[in-house]
Visitor: 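Please see the structure below; I have some questions.
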2 protein chains.
Amino acid sequence: MTAVPKKSGKRSGAAGNLRAERKAQTRALILQCALDVFAERGFDGASVRDIAGFAGVNHGLIRYHFGDKEGLWKAAVTFLFERLHEEMAAPGEEAGLPPLEATKAWIRRYVRYCARHPEHARIMVQESIRDSGRLRWAIRRFIKPDNEQLQRRFQHLVKQGVYPDIPHHSFNYIITAAAQSMFMLANEMKYVYGIDVADEAVIDAHAEAIIKLFFDHRAGSAAVRSRKS
Amino acid sequence: MTAVPKKSGKRSGAAGNLRAERKAQTRALILQCALDVFAERGFDGASVRDIAGFAGVNHGLIRYHFGDKEGLWKAAVTFLFERLHEEMAAPGEEAGLPPLEATKAWIRRYVRYCARHPEHARIMVQESIRDSGRLRWAIRRFIKPDNEQLQRRFQHLVKQGVYPDIPHHSFNYIITAAAQSMFMLANEMKYVYGIDVADEAVIDAHAEAIIKLFFDHRAGSAAVRSRKS
DNA sequence: CATCTGGTTATCCGATTGAATAGCAGGTTG
DNA sequence: CAACCTGCTATTCAATCGGATAACCAGATG
């Protein structure tokens, strides 16, 4: 979490919209800082003053842009999930793959997303531990639809006989937690293993480890059988 | 998190230690309430006054027993890990099992612990997201030793050729997150799936799902093969 | 050029926080 | 029984919180 220099490039495009441009810039800057601070300290622990401080603006400005603290949180989370959907949109090539291979590609993409934006898991975990109206709002609006999509993918694998039939809620929490936790707990990784989770090699190796454990049963077993045993 | 009635049974055992007995009772009561509140709101979000309120004592008393807020947190976390070690101690029978079966038994025990005490994962995740001195304290004192124990178990499986060789830190975060997350995020489970994670059937099914995905590669594949495919 | 609008800052408010201090009451001890 | 610890409560304090209001001023408008 680093403070961001204020109003670096103004560059008014044409005429007339200079003010609107700066307003949008300021809004986006506050949102990004809000994501970081909310993720690190939780809703109650984060202070509007700190967020404004990191963004280099007066704390009263947040009230102007977002109404109140909860409005800021909801705007930040909306931005978070819209970015998730953008970055997780599958490239066209994936449609042609068989379902298991498509799921492996999805895992690799999701693990890289978790590494790139650890604040996502952090902010949602913080909110889910407490039982707030904000959690219910985010679930109804973002989490439940996303989850139904994952459920369809999972059921497809099971129906094709290519995956064992376990309760879907278990599958969901196991797979997402496996992908998120290492990056969500980057500080713990640093102190326990001395490993920097920003390292590309660590990220890719983690994705492959998940795929090996979850989706390469036969190949995994074969690899095991090829050992001395 | 429910408020606890104050001083229910005093029952002075013999003579002389009536005061000491009540003191220990009060201390334990405060610790339990502190665990719940710290887990739900994080260190900064939790107020000493709230913890004292749930315990039914004056907030000044916490200063008397634990010095300051950080002292209370450390005492609570110490209690947490000592209870973990007690409840995770393997019954003697497990020593005779082959390593893979022993690990399965360990998984079942750990999943039940996570369900019984979701505040453990919650409090440590909250602290790890922020990079505090408290996190480093807990890692040096509890997490690192526990982790080395898990690493030895894992390496034993790999050496016996009974488990695929993936980076240990990946294995660690995948397996513990898979066990913890559903119970840590009990509120999300409630709203997304309408499932109560206190249900024994849900807990046991989750443990078996983890075992099926992680440790029953051959059996899992066989189960898959027996379908129409 | 004069006026107006809207993004932003400065400042104030009551509530709550962690911490500190003084005092009380009842169990303990000689 | 009387003096004395000690576990506990009541109260105070400065700091910080979220929210509200008024002033400000650069840029849009006519």
Visitor: Taking only residues two or more places apart in sequence, or in another chain, which ones meet B/H117 in a ring-ring contact (aromatic ring centres under 6.0 Å, His included)?
Guide: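 By the ring-ring contact (aromatic ring centres under 6.0 Å, His included) rule, B/H117 matches B/Y113.
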
Visitor: With sequence neighbours excluded, tell me which residues meet ring-ring contact (aromatic ring centres under 6.0 Å, His included) with A/Y191.
Guide: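 None.
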
Visitor: Rounded to whole Å, how long is the line connecting atom CD1 of B/I51 with atom C1' of C/dA19?
Guide: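 Spelled out: CD1 on B/I51 to C1' on C/dA19 is 14 Å.
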
Visitor: Between atom CZ of B/R152 and atom CG of B/N147, what is the distance when rounded to the nearest 0.5 Å?
Guide: 10.0 Å

Visitor: Round to a whole Å and report the spacing from CH2 of A/W73 to P of D/dG18.
Guide: 16 Å

Visitor: Return the value, rounded to whole Å, for the distance between atom CD1 of A/I62 and atom C1' of D/dC17.
Guide: 13 Å

Visitor: Give a yes/no answer on whether the side chain of B/S47 brings an N or O atom under 4.0 Å of OP1 or OP2 in C/dT16.
Guide: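 Negative; the distance criterion is not met.
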
Visitor: So does B/R112 pair up with B/D204, basic N to acidic O under 4.0 Å?
Guide: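 Yes.
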
Visitor: Could you tell me the separation between the NZ atom of B/K23 and the P atom of C/dT28, rounded to a whole number of Å?
Guide: 13 Å

Visitor: A/F38 CZ to D/dC17 C1': how many Å, rounded?
Guide: 13 Å

Visitor: Angle class for the B/Y110/B/W106 ring planes (parallel below 30°, perpendicular above 60°, tilted otherwise)?
Guide: parallel

Visitor: Nucleotides 20-24 of chain C: which of its N/O atoms have a protein N/O under 3.5 Å away?
Guide:
unit_1 : atom_1 : unit_2 : atom_2 : d
C/dA20 : OP2    : B/R63  : NH1    : 2.3
C/dA20 : OP2    : B/R63  : NH2    : 3.2

Visitor: Rounded to whole Å, how long is the line connecting atom CD1 of A/I30 with atom P of C/dT9?
Guide: 9 Å

Visitor: Aromatic contact between B/Y173 and A/H206, with the criterion being ring centroids under 6.0 Å apart: yes or no?
Guide: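 No, the ring centres sit 6.0 Å or more apart.
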
Visitor: Identify whether any heavy atom of A/A24 sits under 4.0 Å from a base atom; if not, whether one sits that close to sugar-phosphate; answer base, sugar-phosphate or nothing.
Guide: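 Nothing: the residue A/A24, judged by heavy atoms under 4.0 Å, touches no strand.
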
Visitor: Give the ring-plane orientation class for B/F171 versus B/F154, where under 30° counts as parallel, over 60° as perpendicular and anything between as tilted.
Guide: parallel

Visitor: Tell me the interatomic distance from A/F66, atom CZ, to D/dA20, atom P, rounded to whole angstroms.
Guide: 17 Å

Visitor: Report the nucleotide, chosen from D/dG18, C/dT8, D/dC8, that has the shortest atom-to-atom distance to any side-chain atom of A/T26.
Guide: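 Out of D/dG18, C/dT8, D/dC8, the nucleotide with an atom closest to A/T26's side chain is C/dT8.
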
Visitor: Take the protein atom CG of B/D44 and the nucleotide atom P of C/dG18, then report the distance between them rounded to whole Å.
Guide: 9 Å

Visitor: If you find the nucleotide of DNA chain C closest to A/R49 and the one closest to A/H65, which residue's nucleotide is nearer the 5' end?
Guide: A/H65

